[in-house]
Chemist: 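Dumping the structure here so I can ask a few things about it.
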Amino acid sequence: AHAARARGQPVVNSARRRRQHSTTEAAPPVRMAGAAPPEQHNWRIAQLYARNEFDECLAVVEKALTASNGLNEYPLYVKALITRQRGEIQQALELFQAATCLN
């Protein structure tokens, strides 16, 4: 520490150094500057679903799920609704369960 002060370098105590490099703390999600939030597509999904434009709605759902790594509840929910309406009951159930797990 004395040698560091003599050279004009900042002194960092070992407790502070351990806190900075701790691997037990979960890091907050990192978003690139200017990146839109995961919910950015929700309004469009709702609009397309309300208009019964299901094919286009599913395309936006897939884009939203890709952007959020599958961690956005609303697109999963709407995908489940459309899937159920198309008669794919088992897949719809799995999607509803996935959406519920995120809530």
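Scope of the values below: all heavy atoms of this structure, side chains included, with no hydrogens, waters or symmetry mates.
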Chemist: Applying a strict under-4.5 Å side-chain criterion to I, L, V, M, F, W and Y, I'd like to know whether Val61 and Leu102 cluster together.
Modeler: yes
Chemist: Please list, chain by chain and in numerical order, all residues satisfying side-chain hydrogen bond (donor to acceptor under 3.5 Å, both in side chains) with Glu88, sequence neighbours excluded.
Modeler: none
Chemist: Is there side-chain contact between Arg86 and Phe54, with heavy atoms separated by less than 4.5 Å?
Modeler: yes
Chemist: Atom CG of Leu81 and atom OH of Tyr49: how far apart are they, to the nearest 0.5 Å?
Modeler: 4.0 Å
Chemist: So, for Gly70 and Leu76, which heavy atoms are closest and what is the spacing to 0.1 Å?
Modeler: O-CD1, 3.9 Å
Chemist: What is the distance from atom NE2 of His41 to atom SG of Cys57, rounded to the nearest 0.5 Å?
Modeler: 12.0 Å
Chemist: Taking atom CG of Leu95 and atom NZ of Lys79, what is their separation to the nearest 0.5 Å?
Modeler: 6.0 Å
Chemist: Would you mind listing every ring pair (Phe, Tyr, Trp, His ring centres under 6.0 Å) that reaches into residues 76-103, with sequence neighbours excluded?
Modeler: Tyr77-Phe96
Chemist: Could I get the full list of salt bridge (Lys or Arg N to Asp or Glu O under 4.0 Å) partners for Arg44, not counting sequence neighbours?
Modeler: Glu56
Chemist: Below 4.5 Å, heavy atoms only, C-beta onward: do Ile45 and Trp43 meet side chain to side chain?
Modeler: no
Chemist: Which pairs count as side-chain hydrogen bond (donor to acceptor under 3.5 Å, both in side chains) when at least one residue sits in residues 89-102, sequence neighbours excluded?
Modeler: Gln90-Glu94
Chemist: If the condition is side-chain hydrogen bond (donor to acceptor under 3.5 Å, both in side chains), which residues does Asn69 pass it with, not counting sequence neighbours?
Modeler: none
Chemist: Using the rule that two of Ile, Leu, Val, Met, Phe, Trp, Tyr join whenever any of their side-chain heavy atoms come within less than 4.5 Å, decide whether Leu71 and Leu65 are in one cluster.
Modeler: yes
Chemist: Do Asn42 and Asn72 come within less than 4.5 Å of each other through their side chains, counting heavy atoms only?
Modeler: yes
Chemist: Partners of Glu53 by salt bridge (Lys or Arg N to Asp or Glu O under 4.0 Å), sequence neighbours excluded?
Modeler: none
